[in-house]
2 protein chains.
Amino acid sequence: MPRKKADSPNAPLAPGQAATINDIARLSGVSKKTVSRIINDSPLVRQDTREKVQALMKELGYAPDPLARALAFRRSFLIGMVYDNPTAQYIVDMQYGALDALRGTSFELVVHPCDTRSPGYIEGVRRFVQQQKLHGVILVPRASEDQALVEMLDQIGCRFTRIAALPLDETSATVVTHDRDGAAEAADYLLSLGHRDIALITGPSAYRSAHERTSGFLEALERRGLRLPPERIIEAGYTFESGVAAAEKLLLGGQRPTAIFTGNDEMAAGVYKVAMRAGLTIPRQLSIIGYDDSPLASRLWPSLTSVRRQTRDTGRTAAAMLIQPEGSALRTASVRPHLAVRDSCQPPEL
Amino acid sequence: MPRKKADSPNAPLAPGQAATINDIARLSGVSKKTVSRIINDSPLVRQDTREKVQALMKELGYAPDPLARALAFRRSFLIGMVYDNPTAQYIVDMQYGALDALRGTSFELVVHPCDTRSPGYIEGVRRFVQQQKLHGVILVPRASEDQALVEMLDQIGCRFTRIAALPLDETSATVVTHDRDGAAEAADYLLSLGHRDIALITGPSAYRSAHERTSGFLEALERRGLRLPPERIIEAGYTFESGVAAAEKLLLGGQRPTAIFTGNDEMAAGVYKVAMRAGLTIPRQLSIIGYDDSPLASRLWPSLTSVRRQTRDTGRTAAAMLIQPEGSALRTASVRPHLAVRDSCQPPEL
DNA sequence: CTGAAAGCGCTTACAG
DNA sequence: CTGAAAGCGCTTACAG
């Protein structure tokens, strides 16, 4: 025998059983389709019908099942976040931001760390997107900079928002973080304190963020007539250890600079270590500026002046762009960095 | 007219269209039900049938749709992670660990930060679980310690795994992190270096982790005949700022201890700040041990000796417990902490 | 060991 | 503005 359903016209709801669209339709005397229209904010419903049905929904605590909607829509209510090993605070802030935008909606956040250097990673993201029929994905640097990844997503018709230091192309939805401007502000600050012998420890030049921070910093110096000699510019790897190695070159032999700007806080912590070990006093003998304004910046002693990225805002904006109605979709948004001044800089000693 | 389906017996697959269970059934000449049995590893399928169908699945790159399965099962393939504001590295490590266990399965990880002090948070978790029909949730401290949360989950029949410093009850699945043992190892190490005037900065006593670390530390000292006077024990809030305040009490007036153990690395960084500001040399004049082995521990100078929690292992184990077949379910697992020795301790000056 | 029918809770395509 | 039918891609309950 087929399973039977309790669909007699006025059968009350089974207690403890969540209401479905069928219950709402039956008890309010309209068709499922009309209920569906109300769920989906269709204008094709008379106002009094809408109100009557909505009142019943509220009374029964009805919420449409996202799994059923997803199956019918062929698209889930999940937003993916794809990233390749950024610092923990950055990724957590990005998650909090995205969740800010998703709160109160039916959307949830699914995380997908990956390794952009591993050969199968694009295929891994494709499976992730297609299996779960994701509504869209947020691409965090450095994954966001990978053109091959973006092409794959375009090809399978997956919405995405890129987060990037600068606009990467004409077409894709992007939250631009303007790293160039943040670095320029650091340069202006050091110049305003009177520094002239300045050094720069950059992230890997293959990262757009590193490139933007470097050129933003150097161009700001050049606007004030200062051009750094090549030996004052060292490329490192955005890691603490690489910051230590770079700082050793700058501080342990020959004449040392009076100020150092590093492409992130991790490398700045490396500079601190070398400076402390060498007995240098920060900021009296050496001024330092980092980039990220991570928790580390305020934990170090003396506390580190650093460029603050509005990471949570960035994540919120990226998620909001993905869930807004198709037509109205904003293609780009901007988030501006600014310098958080603490205790690691002062005018150079004469 | 009703929508028509391409279901002629040997219709080839539409190109670019993913295969469904209907395609597999039709092309391999069995019923959907048999294909379903194979998907779900039922023993009730003849071996040759199974092999024939599996070969076709592989050829067509078929993967069952988790959304459709979820709708039919009334349970999704999503694992939730519920947490209340731990440090970024801890939560990211926990996520990586959980994802390690989910890799290669159909499960994905959905994150749910919350505020256990806000009145509606349990209701928020309930909505999260019921709306998405989560397969199960991982409860991270401090959320894992909330009995009201656990009772709600039991009541709605949601699987969960708690992560906790010690077993919290007889029944719930738990990954036990044995914080007591980690703190005891820190105590033994300080004693072995010859310290006798030792101070302790604890986390909030309402946290089980703080309680366990405190009593593990004190009991290890007592086993060696040392009992700390009350003024050597200060309760703080697990934050950097509260560590600063506690360290000021210990270091700036009267006789200072020769060693301090803090309930986490954040508070240890606060001790560093106060010590540096006061011109004390670590570890010559003051030995310090933290708890967490966060990245901060190696970024500080001198690098901080700290108790390492195997957070990634913890997350992996918790997720694995949730996705294993019902019957075989392990109820508890253990992860052991151990001391990571760095440069922040030495024998006391005479 | 295998299958036909009904159902999970929604939406789409069509008709009125 | 509203609705009856079919479908999304699976599983369950039952029968053989």
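Per chain, numbering begins at 1; letters A, B, ... match sequence-line order.
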In whole angstroms, the gap separating C1' of dT11(C) from CG of Asp41(A) amounts to 15 Å
Of Ser31(A) and Asp65(B), the one whose nearest nucleotide on DNA chain D sits closer to the 5' end is Ser31(A)
Rounded to whole Å, the CG-C1' distance (Leu67(B) to dT11(C)) equals 14 Å
Q) If we only count heavy atoms from C-beta on, is the Phe73(B) to His135(B) side-chain gap below 4.5 Å? A) no
request  = Using only side-chain N and O atoms of Thr49(B), determine if any of them is under 4.0 Å from OP1 or OP2 of dT2(C).
outcome  = yes
Once you apply a heavy-atom cut-off of 4.0 Å, does Val30(A) come out as touching a base, just sugar-phosphate, or nothing?
sugar-phosphate
Salt bridge Lys133(B)-Asp65(A), side-chain N to carboxylate O under 4.0 Å | yes
Assign each of Arg37(A) and Ile39(B) the nucleotide of DNA chain D bearing its closest heavy atom; nearer the 5' end lies the nucleotide of Arg37(A)
When rounded to whole Å, the NZ to P distance for the pair Lys33(A) and dA6(D) reads 16 Å
* Mutual orientation of the aromatic rings belonging to Phe107(B) and Phe77(B) [parallel < 30°, tilted 30-60°, perpendicular > 60°] -> tilted
Atom CG of Asp48(B) and atom C1' of dC1(C) are separated, to the nearest Å, by 10 Å
Taken to the nearest whole Å, CG/Asn40(B) to P/dT12(D) is 7 Å
Separation of dT11(C) atom P from Arg75(A) atom CZ, nearest Å, is 14 Å
- Query: Under 4.5 Å between any side-chain heavy atoms of Gln147(A) and Leu168(A), yes or no?
  - Reply: no
Closest of dT11(D), dC14(D), dT11(C) to the Lys32(B) side chain is dT11(D)
DNA chain C in dot-bracket form (Watson-Crick or G-U pairs under 3.5 Å, [ ] crossing, | inter-strand) is |||.||||||||.|||
Between CZ of Phe73(A) and P of dC10(C) the distance, given in whole Å, is 11 Å
**Item:** Pairing of Arg142(B) and Asp84(B) as salt bridge, 4.0 angstrom limit
**Value:** no
Atom CD1 of Ile24(A) and atom P of dT11(C) are separated, to the nearest Å, by 13 Å
Exercise. Are any side-chain N or O atoms of Asp93(B) and backbone N or O atoms of Tyr90(B), one a donor and one an acceptor, separated by less than 3.5 Å?
Worked result: no
5'-most contact on DNA chain C (nearest-nucleotide basis), Ala72(B) vs Arg46(B), goes to Arg46(B)
